[in-house]
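Structure first, then comments.
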Amino acid sequence: MDLESYDPASLPDLLPLYYRRLFPYFQYYRWLNYGGVVKNYFPNREFSFTLKDDIYVRYQSFNNMNELEKEMQKMNPYKIDIGAVYSHKPSMHNSVKSGTFQAQEKELVFDIDMTDYDDVRRCCSSADICNKCWTLMTIAIRILDRALYEDFGFQHRLWVYSGRRGVHCWVCDESARKLSQAERSAVAEYLTVVKGGEETIKKVNLIEPIHPFLKKSIVVIEKYFEQYALLGQDFLENKPCWEKVLSLVPEAARENLLHDFQKARTSVDRWEKLKKNLPKLDPKKGVNLSKEIMLQYCYPRLDVNVSKGVNHLLKSPFSVHPKTGRISVPVDVKKLDSFDPFAVPTIR
């Protein structure tokens, strides 16, 4: 269904129906209760609701599934966020002795947002996405899911479409939920390759020997690169595009490559020339330069701050995105290439 037929003004009418008839309370509770193994695990979990007109209610907590269900049907939140499991019930946080109310556990979470790729995608910008740039999310899930499983041994990874322009990952293993802030930062740091803000032109620098994690990530990108970057984004189409890519190679090689690019007809040809000639122009670094460009254009861009904090709130699965009306649905990693963000059910 296209967005045109969804009207945000209809939310107050549709949400009560959604929370009464469709929200998967049983599965949701079964997930967040983790088998009831740890006493008070669910009752000590923070939920936050965003209500109509951006009224934000933090530190909600519920003793059981029925309480959660009743409250959600009463409040009909526009958005639901899930926070940490605390030392005490979040709803009682004001009556607890100062300093003793503390976040103790939470899933290790990752947030990838398409707006962070605005300097390297040509089809869309800011909140907009299309099937062309969605490939970046596919690549991100492929790279990160493999690393979380193979490099860290995490078994329980839930990938969720945000409902608009990104994806979230919830790593639910017990060992992941118990990680400290420093440990979460270390995992996020390990997974971060594109570094530096807007003022940093070259954001990826490989050093020999290349870490196996990077080698495997490059293999994933190579699988999508021609279709996505060379054909879909046509990222070497014209002079402004070339200049952007040439700013990532050593100055000594730019003149020769510019000459090559002018003679070539397509992005595919220009990329082949760049890969062939860079090692000759810069014998020491040349082989890795094309890999650095691929990583800068395609490697997942994480919001590290979301992953670091134990008490950081993240939008809940099965929440409704108020602007698009789309439901925040889990993504099946086994069928990743066929996931279509525009075919996701809307609240309508």
Side-chain angles (χ1 to χ4, degrees), residues 82-84 103-117 119-120 135-160 162 166-198 200-225 248 285 287-315 331 333 336:
I82 301 175
Q104 292 187 321
E105 289 190 19
K106 198 193 70 188
E107 294 76 11
L108 172 63
V109 292
F110 298 95
D111 178 7
I112 303 151
D113 192 322
M114 198 72 90
T115 41
D116 295 326
Y117 294 85
D119 61 318
V120 289
T135 306
L136 288 167
M137 292 294 137
T138 305
I139 293 170
I141 295 174
R142 286 250 180 265
I143 288 175
L144 298 173
D145 195 65
R146 185 214 61 78
L148 290 166
Y149 177 59
E150 291 180 13
D151 304 359
F152 290 98
F154 293 131
Q155 306 282 327
H156 304 282
R157 308 168 310 279
L158 172 67
W159 286 94
V160 184
S162 73
V167 291
H168 299 153
C169 178
W170 299 77
V171 184
C172 301
D173 300 49
E174 188 184 356
S175 59
R177 287 180 270 138
K178 287 179 152 51
L179 293 173
S180 68
Q181 184 146 340
E183 290 164 335
R184 286 165 202 263
S185 301
V187 177
E189 210 48 56
Y190 174 90
L191 297 169
T192 301
V193 174
V194 180
K195 293 174 182 172
E198 283 173 30
T200 317
I201 294 173
K202 192 164 165 39
K203 295 182 167 78
V204 179
N205 292 288
L206 293 175
I207 33 181
E208 288 285 353
I210 296 178
H211 192 286
F213 162 67
L214 283 167
K215 282 189 175 163
K216 287 175 181 170
S217 300
I218 291 162
V219 169
V220 172
I221 293 171
E222 279 171 341
K223 206 176 104 191
Y224 293 94
F225 194 75
L248 306 176
K285 281 216 65 174
V287 189
N288 288 338
L289 280 166
S290 62
K291 292 175 182 161
E292 290 174 340
I293 295 167
M294 287 165 76
L295 287 164
Q296 179 149 340
Y297 273 78
C298 300
Y299 185 85
R301 300 182 170 204
L302 301 172
D303 183 340
V304 181
N305 293 323
V306 173
S307 305
K308 279 182 182 174
V310 183
N311 57 357
H312 204 290
L313 292 148
L314 186 62
K315 182 181 167 162
V331 176
V333 179
L336 189 53

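Values below: all heavy atoms of this structure, side chains included; hydrogens, waters and symmetry mates excluded.
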message = If you count every heavy atom of other residues, nucleotides or ligands that lies below 6.0 Å from I201 atom CD1, does the total exceed 12?
response = no
query = Using the ring of each side chain (for Trp, its six-membered ring), is Y190 parallel, tilted or perpendicular to F213, with breaks at 30° and 60°?
reply = tilted
task = Could you tell me which non-hydrogen atom of L206 sits nearest to which non-hydrogen atom of K285, and how far apart they are?
result = O-NZ, 3.9 Å
inquiry  = Is there a side-chain contact between D303 and H312 in this structure, where contact means two heavy atoms from C-beta onward sitting under 4.5 Å apart?
reply    = no
request  = Assess whether atom NZ of K215 is packed by more than 12 heavy atoms of other residues, nucleotides or ligands within 6.0 Å.
outcome  = no
message = Using a strict threshold of under 4.0 Å (side-chain N to carboxylate O), is an ion pair present between D173 and R157?
response = no
query = What pair of heavy atoms forms the shortest contact from R184 to K106, and how long is it?
reply = NH2-O, 2.8 Å
inquiry  = Tell me if the OH atom of Y149 is crowded by more than 12 foreign heavy atoms within 6.0 Å.
reply    = no
query = Would a 4.5 Å heavy-atom cut-off, applied to side chains only, mark V171 and F152 as touching?
reply = no
ask   = Can you check whether L248 reaches L289 side chain to side chain, under 4.5 Å on heavy atoms?
value = no
request  = To the nearest 0.5 angstrom, please state how far the CZ atom of F154 sits from the CG atom of D145.
outcome  = 12.0 Å
key: I112 versus A140, closest heavy-atom pair with distance   = CD1-CB, 3.9 Å
key: Rounded distance (nearest 0.5 Å) linking atom CD1 of I82 with atom CD of E107   = 7.0 Å
inquiry  = Quick one, E198 and D119 - any side-chain contact, counting heavy atoms below 4.5 Å?
reply    = no
task = For the residue pair L314 and H168, establish whether any side-chain heavy-atom pair is separated by less than 4.5 Å.
result = yes
task = Taking Q296 for its side chain and K203 for its backbone only, find out whether a donor-acceptor pair lies under 3.5 Å.
result = yes
query = Do C169 and L148 touch side chain to side chain, with heavy atoms closer than 4.5 Å?
reply = yes
inquiry  = With side-chain contact (heavy atoms from CB on, under 4.5 Å) as the criterion, how do K195 and T200 come out once you've worked through the C-alpha distance, each side chain's angles and the decisive distance to 0.1 Å?
reply    = CA-CA 8 Å; K195 293 174 182 172; T200 317; over 6 Å; no
task = Write down the atom of Y117, the atom of C298, and the distance for their closest heavy-atom approach.
result = CE2-O, 4.5 Å
side-chain contact (heavy atoms from CB on, under 4.5 Å) between R146 and V219, intermediate numbers included = CA-CA 12 Å; R146 185 214 61 78; V219 169; over 6 Å; no
S162 side chain vs V167 backbone, donor-acceptor pair below 3.5 Å = no
query = Does the side chain of V187 come within less than 4.5 Å of E183's, by heavy atoms?
reply = no
ask   = Does any N or O in the side chain of R142 come within less than 3.5 Å of the main-chain N or O of V220, such that one atom is a donor and the other an acceptor?
value = no
request  = Mind running side-chain contact (heavy atoms from CB on, under 4.5 Å) on K315 and D111 for me, showing each step along the way?
outcome  = CA-CA 10 Å; K315 182 181 167 162; D111 178 7; over 6 Å; no
Point-to-point distance, once rounded to the nearest 0.5 Å, from CH2 of W159 to CD1 of I141 = 5.5 Å
note = One should read off an interatomic distance between D116 CG and L136 CG, to the nearest 0.5 angstrom, of 11.0 Å
message = If you compare all heavy atoms of L302 against all heavy atoms of F110, which two are closest, and at what distance to 0.1 Å?
response = CD2-CD2, 4.2 Å
ask   = Is there side-chain contact between L295 and I221, with heavy atoms separated by less than 4.5 Å?
value = yes
ask   = Roughly how far apart are Y299 OH and I218 CD1, rounded to 0.5 Å?
value = 10.0 Å
note = Closest heavy-atom pair, T115 versus D113, reported as atoms and distance to 0.1 Å, is OG1-OD1, 2.8 Å
key: Rounded distance (nearest 0.5 Å) linking atom CD of E174 with atom CD of E105   = 7.0 Å
